[in-house]
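Proteins get letters first, then strands, A, B, ... in listed order; numbering begins at 1 in each.
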Amino acid sequence: MEERYNPKAIEPKWQKFWDTSEVFKTREIPEKDKYYLLEMFPYPSGKIHMGHVRNYTIGDVVGRYKRMRGFNVLHPMGWDAFGMPAENAAIQNNTHPARWTYENIDAMRAQLKRLGFSYDWDREVATCRPEYYRWEQWLFIKMYEKGMAYRKESYVNWCETCQTVLANEQVEQGSCWRCGETVRQKKLWQWFFRITDYADDLLEYCDQLPGWPEKVTTMQKNWIGKSVGAEIRFRIENRDEEITVFTTRQDTVFGATFMCLAPEHPLVAELSQGTDQEAAVNEFVERMSLQDRSDRAMETYEKEGVFTGAYCINPMNGRKMPIYTANFALMAYGTGAVMSVPAHDQRDFDFARKYGLDIVVVVQPEGENFDGTNMPEAYTGEGIMVNSGQFNGISNEEAKEEIAAYMDKNGIGRKTVSFRLRDWGISRQRYWGAPIPMIHCPSCGVVPVPEEDLPIELPEEADMLEGGKSPLSTLDDFVRTTCPSCSGEARRETDTMDTFVESSWYFDRYCSPRYDQGMFSREAVDYWMPVDQYIGGVEHAILHLLYSRYFTRVLNDLGLISCREPFTRLLTQGMVCKETTACPTHGFLFPEQVNWIDEGPNCVLCESPVKIGRVEKMSKSKRNVIDPNVLLDEYGADTTRLFCLFAAPPERDLEWSEQGVEGSFRFLNRVWRMVADWLPAVKDVEAYDGSPDELEGDLRDLYRKIHDTIRRVSNDIEERFHFNTAISAVMELVNTIYSMELAQDTPNAPAVMRRAIESVTLLLAPMVPHFSEEIWSRLDYQASVLL
RNA sequence: GCGAGAGUGGCGGAAUUGGUAGACGCACUGGACUUAGGAUCCAGCUCUGGCGACAGAGUGGGAGUUCAAGUCUCCCCUCUCGCACCA
C-alpha cells in the first residue's frame with residue numbers, strides 16, 4: 001500500500017464504481033424497511049456553493065448510514081429549475097432560459113458527482129420539463145374544479161424591478177425577498193390557492209410534528225396566526241349597509257367610540273363621496289398608497305387618519321361613532337375595519353388623543369378608577385365590566401362569552417376566528433414558469449384546458465422583455481386558441497405559476513419520476529411517502545415547508561396520496577460563514593485577493609492593510625465565499641466532507657477555517673498511514689471476534705475501546721446527528737492505537753488490529769466514502785463497504 | 001413588543017439521565033527524528049500564585065435546591081434568529 005494518501009487517484013475510481021455497479025439504484029421492496037431521505041433540491045444557478053456542500057454532505061452521511069444498517073433508502077436529487085434568474089441571465093447574455101438552465105444543471109450535476117453523493121441519479125427530476133409540470137397543470141385543474149383554486153381581482157404585492165407579483169411570504173420587511181425593491185400594492189386579476197381552508201389543520205398539526213425543530217413549528221404557528229374573537233356588524237347611519245369588524249376584545253364593545261377603516265377599504269371612497277371630507281380622504285388614501293409598506297408597518301409610526309364624513313351605530317348602546325380611515329388599519333388583517341376602543345387599545349388611544357375623540361372605560365382593574373381623562377395610556381389588562389349596561393359587574397373574561405352569546409342571539413355578531421394567513425397568490429407575470437392551464441372565453445368565461453391537451457408547453461421562442469409585461473401575452477400564437485366548451489375564439493391565460501408550486505410536490509414525484517399516467521404512481525408514493533428525514537436551510541421554514549404541507553393535504557383530500565404530513569423529521573442546518581475582508585479603497589475582497597503577510601493581511605491590488613470584518617454568511621455581495629471546486633482540487637471530496645461534518649454540529653452555523661480543513665486532511669492521512677503500516681500484518685488474518693477476557697493489557701483495552709467507539713458513533717449518527725462527536729470518537733480510537741505502539745508480532749495483535757482497522761473503516765464510511773471504499777478493498781473485500 | 005435559541009479555554013466545540021468541566025480538533029510551546037522540514041511522532045496547553053509537589057478560583061451575572069449544578073428553580077445581563085400597528 002502506498003505510503004501517501006492520494007485522493008486524486010482514489011476518488012474518481014470509486015465514483016465510477018458506484019456508477020457502474022448501480023449500488024444507489026433504488027426500487028420498492030415491500031418486505032424491506034424503507035427510508036426516504038431528502039435534501040432540499042437546489043436552484044440551478046450554475047455553481048454549487050458551500051451551503052449545498054454542507055447540506056448534501058449531512059444528508060449523504062445519513063443515507064449511507066441507513067443503507068449500511070439495512071434500510072431500503074430512497075435518496076434522490078433534482079432541480080428546482082423555474083424562476084427569475086434564468087430569465088435575467090437570458091436577457092443579459094442573449095441566450096434562452098432553458099439553455100442556460102440545462103447547462104447549469106449539467107455543470108452542477110458534475111460537481112455533485114465529484115463530491116461522491118449517494119444519489120439514485122436515475123430519479124433525477126427537473127421541474128422545468130414538460131413531463132414534470134404537465135402534472136402540476138393537471139393538479140391545478142383538479143383544484144380549480146374543487147374550488148381550491150380561484151381567480152379574483154385583488155391588491156397584490158408588486159415588485160417593480162422583477163415586474164411580478166409576490167406572495168406575502170415573499171415580502172420581507174416590505175421589500176422583495178429576491179431583489180430588495182420596495183414592494184407596492186397593485187390591483188390585478190390573480191389566481192389563488194385556498195390555503196386558508198387548511199389554516200386550522202396546518203396549525204393544529206404543528207404540535208404533532210415531534211421530529212421538527214420547535215423553532216420551525218413556532219414560526220409556522222405565528223405565520224398562520226390564529227386569533228379567537230368575534231365578528232361584529234355596525235350599521236352605517238342613513239345607509240342600508242353595514243361594516244363588519246373582527247375583534248378579539250368583544251368584551252370592550254361598549255367602549256367603542258369610533259371606527260377605523262384601512263385606506264384600501266372599498267367603503268372609504270364610497271362613504272366620503274359627496275361630503276366635505278371627500279378631498280381630504282382622497283388625498284390621504286393617495287398618500288398612503290405611495291407610502292413605503294415597511295414604514296407603515298412600524299409600531300412607532302405616527303397614527304394618523306381622516307374622518308370620512310359618515311357615522312355608524314354601536315349595536316350595543318346605540319352610540320353614534322364617526323368613521324375614520326386610518327393608517328394603522330390594515331386591509332390584510334381581519335376585515336380591514338377596526339372598532340376602536342381607545343380606553344383599552346394603545347393604538348386607538350393614541351389616535352383618540354390626537355383627534356380629540358371620546359375615551360370610555362369599560363374594563364376597570366381592581367383598585368383603580370380610570371376614566372377617559374386620567375389615563376396615561378390604554379389599559380389592556382383584566383378587570384370588572386363598567387359602563388356596559390347589563391354586563392356591568394362581571395369579569396371581562398366572562399363578558400367575552402356573554403356578550404358574544406348576546407350578539408349571536410340578536411343577530412349583531414358571532415364568535416369567530418381570524419387568521420393572519422392569506423390565500424396563496426400563485427400568478428406570476430413571467431415567462432420561465434409553468435403556464436396556468438386556463439382559457440378565457442368571451443362567452444363561457446374561464447374554462448380549464450381539457451386534460452388531453454396537457455401539457456400546455458412553454459413556447460420556445462419567447463420575446464423576453466426586460467421589465468415588460470408577461471412575456472407570454474405578447475405571443476399571438478400562444479394566446480390565441482379556441483374555447484374547449486363553445487369552440488369560439490378565446491385567449492389563453494398568460495400568467496405562469498409561482499415556482500414554489502413546483503417545489504411543493506417534487507418529493508412525491510421522486511417516488512416514480514418517469515410515471516406518465518399521473519403525478520406519481522400510487523403504489524410507489526404509498527410505499528415511500530412520507531419523507532422520513534428532510535434536510536435543508538431554515539430560510540425555508542415558512543415558505544416552502546408550509547406550502548408543501550398544504551399540498552400534501554390537498555393531494556390527500558383529492559384521494560391521491562395516503563399521508564397528510566410530508567416530512568416526518570426535519571433537520572435545519574446552519575449557515576456556512578466566514579469573516580469578511582475589506583480594503584479601504586477596493587471594498588470587500590475575495591479570499592484570493594488577500595495577501596497574508598507577517599505584518600497582517602494586505603490587499604493584492606493596492607497593498608493597503610485589509611480590515612477583517614465579522615463572521616457572516618458566505619455571500620457574493622460580501623465576497624467571503626469559498627468555491628468548493630478549489631477545495632476539491634486541493635484536498636478532494638472526502639476532506640471537504642469531513643471538514644463540514646467536524647467543524648460544527650449540523651444545526652449550528654459553521655465557520656470556515658482553512659486550518660480546520662487542513663486538520664481534517666491530516667486526520668485522513670494519519671488513518672491512512674496506520675493502515676499502510678499494519679496492512680501486511682493483518683492482510684491474511686481474521687478480525688478478532690473472541691471475548692475480551694482472552695486478551696490482555698493494551699490489546700484488551702484496545703478491543704474494548706473499539707466497541708465503545710462503535711457504540712458512540714452509531715449513537716451520535718443515528719439519534720443525534722452529531723457527526724462532529726462521531727468523528728472525534730474515531731479520532732480518539734486512532735490516537736489510542738498510535739500511542740500504544742503495539743508490536744506487530746505480539747500474539748493476537750494482528751487480529752485485534754484487523755478488527756480495529758475494519759471498524760474505523762466502517763464507521764468512517766458514511767462520512768468519507770471514497771477513502772473507506774479504498775481501504776475496504778485493500779483488506780481484500782470485493783463488495784462495496786456499504787454492503 | 002411577542003416568540004424561539006444561545007452564552008463553556010486564545011479559537012471551533014465536548015460533557016447523552018444532576019456525578020472527575022474543557023473530549024476531539026485548531027493555534028501555540030517544548031522534545032524526538034532529520035542535511036532540513038511548514039512532514040511525522042511524543043508531550044504540555046482554563047486562569048492566578050509557586051521552581052515544585054500543590055493551593056485557590058472557574059461554564060454571562062446574582063440568589064436558591066442538592067451529598068453533588070455547565071446541567072434543575074427564580075431574578076438579571078448580553079447576543080443571534082424569526083414575527084411584528086394582527087384590532
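- One finds no side-chain N or O of A:Arg4 lying less than 4.0 angstrom from the OP1 or OP2 phosphate oxygen of B:rU40.
- Map A:Arg711 and A:Thr335 each onto its nearest nucleotide of RNA chain B; the residue landing nearer the 5' end is A:Arg711.
- Phosphate contact (OP1/OP2 of B:rC41, side-chain N/O of A:Arg673, threshold under 4.0 Å): present.
- Between the side chains of A:Thr725 and A:Asp716, at least one donor N or O lies within less than 3.5 Å of an accepting N or O.
- The CE-C1' distance, from A:Met731 to B:rA23, rounds to 12 Å in whole Å.
- At whole-Å resolution of the value, CZ in A:Phe646 and P in B:rA23 are 12 Å apart.
- Listed nucleotides B:rC26, B:rC41, B:rA87 differ in distance to A:Arg670; the shortest reach to its side chain belongs to B:rC41.
- Using a 4.0 Å heavy-atom distance criterion, A:Pro649 is classed as a sugar-phosphate-only contact.
- Between the side chain of A:Asn595 and the backbone N or O of A:Asn602, no donor-acceptor pair lies under 3.5 Å.
- Taking atom CD1 of residue A:Ile727 and atom C1' of nucleotide B:rG13, one finds them 12 Å apart after rounding to whole Å.
- Between B:rA14 and A:Arg652, a contact under 4.0 Å exists linking OP1 or OP2 to a side-chain N or O.
- In this structure, the CG atom of A:Asp716 is 12 Å from the C1' atom of B:rC24, given to the nearest Å.
- When the side-chain nitrogen and oxygen atoms of A:Arg712 are compared with OP1 and OP2 of B:rA14, none of them lie within a distance under 4.0 Å.
- For the OP1/OP2 pair of B:rC2 and a distance below 4.0 Å, the side-chain nitrogens and oxygens of A:Arg420 include no atom meeting the criterion.
- Applying the 4.0 Å criterion to OP1 and OP2 of B:rA87, one finds that A:Ser227 has a side-chain N or O inside that range.
- Applying the Watson-Crick and G-U wobble criteria (two distances, each under 3.5 Å), B:rA57 pairs with B:rU46.
- A:Phe665 has its CZ atom 12 Å from the C1' atom of B:rA39, to the nearest Å.
- One finds the OG1 atom of A:Thr639 at 9.0 Å from the CD atom of A:Glu662 (value rounded to the nearest 0.5 Å).
- Within the nucleic acid shown, A:Ser657 has no heavy atom closer than 4.0 Å to any nucleic acid atom.
- In this model, the phosphate group of B:rC85 is not approached by any side-chain N or O of A:Asn327 to a distance below 4.0 Å at OP1 or OP2.
- Contact check, A:Arg347 against B:rC86: a side-chain N or O comes under 4.0 Å of OP1 or OP2.
- Spacing between atom CG of A:Asn724 and atom P of B:rC26 amounts to 15 Å, rounded to whole angstrom units.
- At the heavy-atom level, A:Asn715 lies under 4.0 Å from base atoms of the strands shown.
- Summarising the geometry, the separation between CG on A:Leu261 and P on B:rA87 is reported as 18 Å, rounded to the nearest angstrom.
- Side-chain nitrogen and oxygen atoms of A:Asn735 include none within less than 4.0 Å of the OP1 or OP2 phosphate oxygen of B:rC42.
- Defined by atom type and a distance below 3.5 Å, a donor-acceptor pair is present between the side-chain atoms of A:Arg549 and A:Gln220.
- Residue A:Tyr738 is classed as a sugar-phosphate contact, given heavy-atom separations below 4.0 Å to backbone atoms only.
- A:Phe328 has its ring centre less than 6.0 Å from the ring centre of A:Phe351.
- Pairing partner, B:rG38: none, since no Watson-Crick or wobble contact has both distances short of 3.5 Å.
- With rounding to whole Å, A:Trp212 atom CH2 is found 18 Å from B:rA4 atom P.
- Residue A:Lys215 places no side-chain atom within donor-acceptor reach of the base of B:rC81, judged by atom type and a 3.5 Å distance cut-off alone.
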